[in-house]
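Heads up: the structure comes next, in structure tokens.
One-based numbering along the sequence shown.
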Amino acid sequence: MTSWVQAALLLLLLCLSAAGGQLQKEALLDFSSITPINNVVQDPRSGRVYLGAVNTIYQLDEALREEARTVTGPKEDARTCTPPVSTPYCQDTKPSPNVNKLLLVHPSNGSLIVCGSRYRGICSLLNLSNVEQQLYYSDSKGERTYVASIEDGVAVVAVMSTYVNKDGNTFNVFLVGKGYGSLDSSKLISTRILQDYRDWVVFESIIEASTVQATPFVPKYLHDFRHAFKEEGFVYFLFSRTMGSTDNKNFTFVSRLCEDDPHYYSYTELQLNCGPGNKYNKVQAAYVASPGKELVLFMVASPDEDGADSALCMYPLNTINERLVDIISACYSDSGKIAGIPAVDIPYSYKTDEFCTSHIDVSSLCGADFLPSPLASKPEFALQAKAVIIRRGLLTAVAIAVENDHTIAFLGNSLGEVYKVRRGWNGTCGRGWFSEVCKVMSSGSVQGKGLGEESRITKVPVQTCHLKTDCQSCVSPWDPYCGWCVLEGRCTRRSDCRRAEEKNGWLWSPKQQCVKIVSFNPPNLSCKKTQHKCKCSKCSIFICVQGARCPQFENPDPVLIPVGFKTTIGFEGINLDVYQASLLSSFTVTLYSCSLGREDCSLCKNADPKYRCVWCVKRRSCVYEKLCTNDQGTECPDPHITDIIPRYGPVRGGISVTIKGSNLGIHKEDIKAISVVGVPCIHQENKYAVSTRNMMSVFYYLILQDPIARSVYPANGSKAGGTVITISGFNLDTATREDIAVTVGGVVCFEKAMTAKEAQAFVGDVPCYVNALQDDKLFLDPPSSQPQARSKRHRRRRDTSSDPLDLLIKFGNGEWVVGSVHYESNNEVPLFIIIPAVIIPMLLIILVSVYCYRRKSQQAEREYEKVKHQLENLEESVRDRCKKEFTDLMIEMEDHTNELSEGRIPFLDYKTYTDRVFFLPSKDGANDVMITGKLDIPEARKAIVGQALNQFSNLLNSKTFLINFIKTLEGRPDFNARAKVYFASLLTVALHGKLEYYTDIMRTLLLELMGNYVDSKNPKLMLRRSETVVERMLCNWMSICLYQFLKDSAGEPLYKLFRAIKHQTEKGPVDARVKKAKYTLNDTGLLGDDVEYCVLTLQVLVHGEGPDVTPVKVLNCDTVSQVKEKIIEAVYRNLPYSQRPKVDSVSLEWRPGSTGQILSDLDLTSQKEGRWRRINTLAHYNVRDNATLVLSMVLHTQQNYDQNQDNQEERNALLEDDKVFHLVRPDELDEMKSKRGMKDKSMTKAITEIYLTRLLSVKGTLQQFVDDFFRSVLCSGSVVPPAIKYFFDFLDEQALKHDNVDEETVHIWKTNSLPLRFWVNILKNPHFTFDVHVTEVVDASLSVIAQTFMDACTKTEHKLSRDSPSNKLLYAKEISTYKKMVDDYYKGIRQMVSVSDQDMNTHLAEVSRTHTDKLNTQVALHQLYQYASKYYDGIIQSLDEDPAAQSKQLTLRLQRIAAALENKVTDL
């Protein structure tokens, strides 16, 4: 810890000493800690001092004597560990010191807030009266309760405040300012609650303000907080920071926000310059005091480069506030300018322009969600102050005191030295700061043997007036504390000189003038002499002998002498004529102080009249009446309540409440009325006592609540009582113990129903000795011999000795037979008879059971072996084929793998990716205006429209407006599902620049949606379909957050899977018309007929690109277009699909000899079968293996155009005349279906199973690629995107708040939000991620894999049968493995370290900064406004009905935007 802390500690106690009376010449008070001291605070009520040291918290009294201590470290911890450290995820822990980061007195509940550097800066509450008593601590509440920093160099400041929620409830909170630490999870500025309330827990940050709390720019600014205070409804933070650029120079800022601002919208920073050219640019410490009529911020600062010198600067708080108002007003109404010059800066934002573009008349300076924030002053408009004091060395602390209208500054430096300087008159320079009065403490005075400066705290007097023996030495230092008390002839403080108010009664002169006696007239004075005179220095003392006439003094008048008031005492002398010498006698008077035991006005006025005590308003104390001449209060101040016992009471009342406080009346009759929440209470006058005054009065409140009993244990008990009953429930701490009565059946419960002496027990008719009686046990000694009678009631002899004996218990008049007792009998059955009679039947039963079990097991095993044998035969038949296909595929895929290793995966850029995910499914597809980015706006209106759209963007940034906007649209019946999806996508693009805000809106809407589903008892249906705007917003949010994960991790296995499916599909025949293939995973897309074909290798030349030949594998049954596609794929494999020539733009020429032939799908040579015409294939043209084909680009000349036009007309004519087919005629398929329909069901199923073997072959070939993709997506051991962890934790937290949400429901929510909403979409549409073309046959196979992925994510067990769909049967064996992968994935994510709000917002802000400028934001705003225009009346009505919208003038702003965008002339 740096030495500035030590100096600050000294100064704190200096100020405390300044408030006290004159200190005598005595040894300095000090206290030594065994570890460095980090923080010091004092309780203003008790005067206790609390030290926050490394590993220890000390509690000292005013004299720095230790009262208590508590140990805070070292603790087992690791820097990267998330508490609690007992979890298995905390590794490499070691004992680590706990540096105290924050000490703050919480007076209203008598606690001390303590925050340290261990366990991510978690805080605790200690008892102010005894710090050894810990009132609250929890390390299991997660990131939301991390307050301080674990970094030693990061300072933390805080100030107490209050927070009022929407329901009007007021809570004690403290605002924290903290710099950036690399491993910190807490926020730059946060508001921390001090009690549990609903979802809030103690120390939770209850305000979310992403612009101030968490951005990626925070590490660049390097905040160093030094002071925090509040004044007149505002909270201020003083700190230094950089400007966020590469230059690390610091600048000092004071920031202000409204105390009642629930979102930090009012956060504004003002730069403070100290000294010429802002030489002293880095604040070190500060103090707020009132040296005159206004508050002033005193600040010591130093240069950034070195600490050779430091300065003290002053900033009046009124001037700071005025400058802040200028900055705010300039942004709200003057486009950020003052006198035409830009004055407003934009901290913590990537935006550099168009920030303060609105012209809004705002009366409140506390901001709003639609107003720009945060704001800061530009350097040109910094508040400048002169360096009133400049000293060598590094000043690290400052404290201010006011004495006799003089301002005294105490300055501490890094060497532990403290200087006292004052503000006063200087004859040559006028009024200003003068030089030091004295050095209060040097560094040597705080050092001890074995102790450094950081381990000792010393209490030093701020004045030593009593050491000055003459007037000149008293006034010459110009010490504002010391002056010459003329009539008393001593150097004192003004308050200690009784006649200081008289003219020249107390001398303090900047001219150092003392009073000198020049002459005395008359020179001689007569003195009234008495008969008996005595000079003690010469007189002897006479000792009176008992029985003699002794001289003595008696009857003193007055007997009561008030302290502090000069009083003449008269007395009578007896037997004074007997002795002429000096004598020793005594009498008794009573000295009293009115203030002793009368700390408030009520006690003062209740004093015995003989003491003549009055309440002096000016002194605010009880004094003797002559000591308070003109300020005697006729009425006492208002009552102050300091405590209410109990704090909790039942709503219906009926309990006694004790109110403690000051000025609560003098007599019991003074209490006129007492009420609690408006209900009058009965004053119990016999218990009234005059109040006692506390040093600091605070308002306390009584919480009305009824105790609620939820359960009673045990449910049954003895009628005689004695059963201990445990009652569980809520609010059982209501009222006091005396007010509580518990009855069972109308009988009041006692702790014990009966003692052991009162209990009686009988076995038969013989009493037993009762050893002990517990709550649930009775210990007895039975009779040694067997009683003769069965019971006490039946005294006849028993018929047989085997009859049981009653065990009777008697409590009072109640008797109970609780059981029976048997005594051992000699007439027992022989053991050799018992054993066979029991064991033989048992053996028979066991043998029969074993036989039945083995028989059943053997039968089941035979059936299992039979089924297993059938499956093995099926698998064996497929295995060989799969092996061959897989080997071929691996060979073919090797080239693709080499391409991937060279980084040739054709990933789409971010804009194209989002365009396709968001807008490609829209009705306009690739022609959607959001993809083209083209708006039809006249050139003359572009500037006006652009400005209006910027204003509309600001309006969308108002949470109140946006929520009303969305709800209004969703309430309209014509706002269908497609419109909701499109609207949500537009909104995503429009708010892409503030993704933190977008996330906040999404969370708000999700919470409302979740509540609706939970309330409707159907929570499992949530997020299943995109029926609301927020569901599509979530899908888009996932797409944004997982883009980088796709590129870094999951993209490569997905691309390999796509390529493998495409290659395997194209290895066999594919019907170009019916879109069916021989090799597929989808049974509905399976080409059923056996088509004869062979593989051809073509030698392809590209016209105009040289003689190089490219070998291309095709099938002789391929159409010409299919051949073109394969050729283009092979020739242009290094280009993404969008840059390749299209099939229609190339021609294919076969050159079997000297002449060439243009190949076409349809021409006059096409074969005709009735009205059906077959598409031409290579077999039709009789193209042979190793044939040479030329690929040419179609030139768009007029001749070619005419030729192409003729060919097209010819082709159209052919299509009009005939029906076209490729491999299988559709009518043949219909005939096959009808024939199958006539056969029985078993035959149809048998044919399906024949096809299933072909599906199995393809499935086995692709299995590795499917597994690789699933592992890349469902592996929590690798890097999991922070968005997934963040959102899953959000779902887990919300689930805990609802009773009807079980673990299965949470699993469904997670599945609906991630796998079904994102991964299935990406899996079925590879062209959303890659620049590729997905054919229908490939899409069919991808759909099967996507369905398998969906099945794996569900909790429902799928029971398979022969009637199950083929795609279900296809992956039946693997589905259990995939399900376990999903479960392990979800569990692994739950066990990961939480992603804090700060980290998530940092990630989102970085995405915004990187990609927003590439998107068509203006187009999205324009399209969004079309919805606002369409539903304009409904939106206006919604805003008019919302008080929050009215206060922010949202209706007026929308009307102005409408006028600008729709070119309307209005009176606005």
Side-chain angles (χ1 to χ4, degrees), residues 892 1062-1063 1065-1073 1077-1078 1091-1133 1135 1137 1140-1169 1172-1197 1199-1215 1218 1220-1224 1333 1335:
E892 296 291 340
K1062 186 175 186 297
H1063 181 270
T1065 302
E1066 293 176 351
K1067 278 188 62 176
V1070 177
D1071 194 303
R1073 295 292 291 177
K1078 180 178 182 179
V1091 178
E1092 294 183 0
Y1093 69 96
C1094 63
V1095 179
L1096 303 178
T1097 301
L1098 304 179
Q1099 306 299 325
V1100 179
L1101 285 169
V1102 180
H1103 181 74
E1105 295 187 9
D1108 293 338
V1109 176
T1110 303
V1112 179
K1113 288 186 177 182
V1114 298
L1115 305 179
N1116 67 341
C1117 63
D1118 286 344
T1119 67
V1120 175
S1121 293
Q1122 288 176 333
V1123 174
K1124 288 181 181 179
E1125 289 177 352
K1126 292 181 179 180
I1127 291 175
I1128 293 173
E1129 177 82 18
V1131 173
Y1132 299 100
R1133 63 180 180 273
L1135 292 178
Y1137 177 78
R1140 297 174 183 175
K1142 301 301 179 281
V1143 172
D1144 293 339
S1145 66
V1146 297
S1147 63
L1148 194 61
E1149 181 183 1
W1150 177 37
R1151 296 179 179 178
S1154 59
T1155 61
Q1157 182 179 0
I1158 300 297
L1159 306 184
S1160 177
D1161 285 335
L1162 290 172
D1163 56 21
L1164 296 177
T1165 66
S1166 301
Q1167 295 179 3
K1168 191 171 183 181
E1169 299 177 9
W1172 290 94
R1173 188 176 293 273
R1174 184 187 293 269
I1175 299 177
N1176 298 336
T1177 64
L1178 293 183
H1180 168 74
Y1181 288 109
N1182 200 24
V1183 176
R1184 302 297 182 183
D1185 192 25
N1186 285 319
T1188 302
L1189 276 73
V1190 178
L1191 186 72
S1192 304
M1193 299 296 170
V1194 177
L1195 300 177
H1196 294 285
T1197 61
Q1199 179 181 356
N1200 288 331
Y1201 177 79
D1202 295 339
Q1203 182 179 354
N1204 290 337
Q1205 193 72 13
D1206 294 340
N1207 293 337
Q1208 187 66 28
E1209 292 176 356
E1210 176 185 343
R1211 182 174 181 178
N1212 291 338
L1214 293 173
L1215 291 175
D1218 304 313
V1220 178
F1221 74 99
H1222 176 202
L1223 298 177
V1224 180
H1333 174 61
T1335 62

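Side chains of Val1120 and Leu1178 form no contact here, defined as non-hydrogen atoms less than 4.5 Å apart. Between Gln1099 and Asn1186, the closest side-chain pair of non-hydrogen atoms falls below 4.5 Å. Asn1176 has its side chain within reach of Tyr1181: a pair of non-hydrogen atoms, C-beta onward, lies under 4.5 Å apart. When side chains are defined from C-beta on, Leu1096 does not count as touching Leu1115, because their heavy atoms never get closer than 4.5 Å. Contact annotation: the side chain of Lys1078 never approaches that of Val1091 to less than 4.5 Å [non-hydrogen atoms, C-beta and beyond]. Here the side chains of Val1146 and Lys1124 are in contact, with some heavy-atom distance below 4.5 Å.
Leu1189 CG to Trp1150 CH2: the interatomic distance, rounded to the nearest 0.5 Å, is 8.5 Å. Distance CD1/Ile1127 to NZ/Lys1113: 15.0 Å, rounded to 0.5 Å. Here OG of Ser1121 is found 8.0 Å from CD1 of Ile1175. Values are rounded to the nearest 0.5 Å.
When all heavy atoms are compared, the tightest approach of Val1183 to Ala1187 is CG1-CB, 3.7 Å. Taking all atoms of both residues into account, the shortest heavy-atom contact from Gln1122 to Ala1072 is NE2-CB, 3.7 Å. The two residues Leu1223 and Pro1069 have their closest heavy-atom pair at CD1-CB, 3.8 Å. The nearest pair of heavy atoms linking Ile1128 to Arg1140 is CG2-CB, 4.1 Å. Taking all atoms of both residues into account, the shortest heavy-atom contact from Ala1077 to Thr1065 is CB-CG2, 3.9 Å.
The salt bridge (charged side-chain N to carboxylate O under 4.0 Å, His left out) pairs that include a residue from residues 1174-1183 are Glu1169-Arg1174, where partners are two or more places apart or lie in different chains.
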Worksheet item: For Val1220 and Leu1162, what are the C-alpha separation, side-chain angles and deciding distance, and is it a side-chain contact (heavy atoms from CB on, under 4.5 Å)?
Response: CA-CA 9 Å; Val1220 178; Leu1162 290 172; 4.2 Å; yes
Worksheet item: Does the side-chain contact (heavy atoms from CB on, under 4.5 Å) test come out yes or no for Leu1101 and Thr1188, once each step is laid out?
Response: CA-CA 7 Å; Leu1101 285 169; Thr1188 302; 4.2 Å; yes
Item to complete: Using the side-chain contact (heavy atoms from CB on, under 4.5 Å) rule, take Asp1108 and Thr1110 through it: C-alpha gap first, then chi angles, then the decisive distance, then the call.
Response: CA-CA 7 Å; Asp1108 293 338; Thr1110 303; 5.9 Å; no
Practice prompt. Determine, stepwise, if the pair Val1102 / Tyr1132 fulfils side-chain contact (heavy atoms from CB on, under 4.5 Å).
Written response: CA-CA 11 Å; Val1102 180; Tyr1132 299 100; 3.9 Å; yes
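With sequence neighbours excluded, the residues that form a salt bridge (charged side-chain N to carboxylate O under 4.0 Å, His left out) with Glu1066 are Lys1062. Evaluation of the salt bridge (charged side-chain N to carboxylate O under 4.0 Å, His left out) rule for Asp1118 yields Lys1126 as partners, not counting sequence neighbours. Evaluation of the side-chain contact (heavy atoms from CB on, under 4.5 Å) rule for Pro1107 yields no partner, not counting sequence neighbours. The side-chain contact (heavy atoms from CB on, under 4.5 Å) test applied to Thr1177 returns Ala1179, His1180, His1222, not counting sequence neighbours. Checked against salt bridge (charged side-chain N to carboxylate O under 4.0 Å, His left out), Glu1105 has no partners two or more places apart in sequence or in another chain.
Between the side chain of Asp1071 and the backbone N or O of Val1224 there is at least one donor-acceptor pair closer than 3.5 Å.
Using cut-offs of 30° and 60° on the angle between ring planes, the pair Tyr1137 and His1333 is parallel.
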